[in-house]
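We count ligands from 1, going down the list as the structure has it; atoms in each ligand are counted the same way. Values in this document were obtained by computation on a predicted structure and should not be read as measured data. Just so you know, residue 1 is the first one in the sequence shown, and it goes up from there.
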Amino acid sequence: MATAASAPPTAPPPPPRAQLIHIEVDRRLGHEWDEWNGRPLPAGGDFSAPPVLFFRFAGLTLAGLAGATALLLYIVAPRLAALAPALPAISWIALGAAAALAWLWFGLAVLSFYSGTNLLPERLLERGPYLRLMNYTSALSRAFGKRDWVEHAAIDVYNTLAVRRGRKVGKGELLVLIPRCLSKQALDGVLAIAGRYEVPVFVATRGQLARRVIRERRPRAVVAVACERDMMTGLRDVAGKLPVLGLTMQLPNGPCRDAALDLAQMEQWVRGWVGAGAGASPQ
Ligand code: SF4
């Protein structure tokens, strides 16, 4: 009887290999834009908004902070009374006084902006409590989906108050900080202005780097360019220590690429700081 020839042993299938997927990125997002969904930004990435938008949200922020503190105090009042019977009353009076002071300051800030005269010194206004209010207000505006517009308005108010101080510095004492996302046209424009007024320009790829440049160069004033989101953290970290003007950009192709800016505004600020006589007039 014929026996069936045994089949040659088949080689075991190769082990599955992980597939390597190359993702071509045409931009590197700053962490502020991590949650961007890839869709075009509203209004071509121009977040211009009137100052009153900031003041409305800032008022809401102050009211919210006072309300949250009052609620907390209401909850802990029985425990405070157990410690000392007078403590709740003292706490309520302190809260009332703090709220009255905050609203008085806010009223003076609004009046300063609209009257054209800064009614408080810079340490008590744009380089002091205003920076903190800007950041709290930004946090609240996120809940309403209005972050970029409110931040834009807040930065405009800040710049208006800061420009009015009429500060002057030497050419070598001013620093221009730009982000990596400027379009070629915007970059050429910035370099031309910096050349005309003989001020150094630094490209700061991250906020951390910007702060390092400032630490090492020790300028007496800074003109910084960034989107609203990056500018908020930059102002929060630097403007309390150093006079800064913050120029926001338009992002027609989405965040972190091909950003455009108002070169005339930048030139006006640089000229204002290093002196009207510096530099030749633009062609
Ligand atoms: S400044 Fe430019 S690179 Fe930096 S987070 Fe904003 S859009 Fe992106």
Side-chain angles (χ1 to χ4, degrees), residues 23-49 53-54 131 134-135 137-139 141-142 145-159 162 174-194 199-215 217 219 221-239 242-267 269-270:
I23 300 174
E24 295 297 331
V25 286
D26 64 351
R27 72 184 81 215
R28 190 156 46 89
L29 287 177
H31 75 278
E32 297 286 358
W33 289 96
D34 277 349
E35 87 286 6
W36 180 53
N37 59 11
R39 296 210 200 105
L41 296 175
D46 181 350
F47 296 106
S48 297
L53 181 71
F54 167 70
L131 296 171
M134 255 176 46
N135 279 284
T137 304
S138 158
S141 65
R142 289 174 210 198
K146 288 273 178 206
R147 175 185 182 179
D148 299 289
W149 293 270
V150 171
E151 289 181 346
H152 185 104
I155 294 163
D156 273 357
V157 172
Y158 165 85
N159 285 327
L174 178 64
L175 194 68
V176 173
L177 277 176
I178 55 172
R180 61 186 159 80
C181 59
L182 291 187
S183 68
K184 170 144 186 1
Q185 194 190 7
L187 181 60
D188 289 347
V190 169
L191 293 178
I193 293 169
V199 295
V201 182
F202 281 83
V203 180
T205 46
R206 290 195 320 273
Q208 237 178 359
L209 210 64
R211 285 185 281 282
R212 210 179 85 192
V213 168
I214 289 171
R215 253 199 329 272
R217 299 278 311 194
V222 172
V223 171
V225 179
C227 64
E228 284 79 1
R229 298 182 182 202
D230 221 21
M231 187 67 76
M232 289 297 285
T233 41
L235 288 178
R236 185 195 62 204
D237 295 350
V238 177
L242 193 68
V244 182
L245 291 177
L247 187 57
T248 51
M249 317 181 295
Q250 296 83 49
L251 304 169
N253 291 320
C256 308
R257 198 180 72 173
D258 300 334
L261 57 87
D262 184 345
L263 289 166
Q265 176 69 87
M266 168 174 261
E267 177 146 18
W269 284 351
V270 171

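Rounding to the nearest 0.5 angstrom, the gap separating the SG atom in Cys227 from the CE atom in Met232 is 11.5 Å. With values rounded to the nearest 0.5 angstrom, Gln185 atom CD is found 7.5 Å from Leu263 atom CG. Atom-to-atom distance recorded for Phe47:CZ and Thr248:OG1 is 10.5 Å, nearest 0.5 angstrom. Distance check: Gln250 CD to Ser183 OG gives 10.0 Å after rounding to the nearest 0.5 Å. Separation of atoms NZ (Lys146) and OG1 (Thr137) is listed at 15.5 Å; rounding is to 0.5 Å.
The nearest heavy-atom contact from the protein to atom 2 (Fe) of ligand 1 is Cys181 SG, 2.3 Å. Looking at atom 8 (Fe) of ligand 1, its nearest protein heavy atom turns out to be Cys256 SG, 2.2 Å. The protein heavy atom nearest to atom 5 (S) of ligand 1 is Trp33 CD1, 3.6 Å. The nearest protein atom to atom 4 (Fe) of ligand 1, hydrogens excluded, is given as Asp230 OD2, 3.5 Å; this is a heavy-atom distance. Protein heavy atom nearest atom 6 (Fe) of ligand 1, with residue, atom name and distance: Cys227 SG, 2.3 Å.
Under 4.0 Å from ligand 1, the heavy atoms of Met249 that appear belong solely to its side chain.
Taking the charged nitrogens against the carboxylate oxygens, Glu35 and Arg229 do have a contact shorter than 4.0 Å, which makes a salt bridge.
Counting the atoms of ligand 1 from 1 in the order shown, those under 4.0 Å from a heavy atom of Pro179 are 1 (S).
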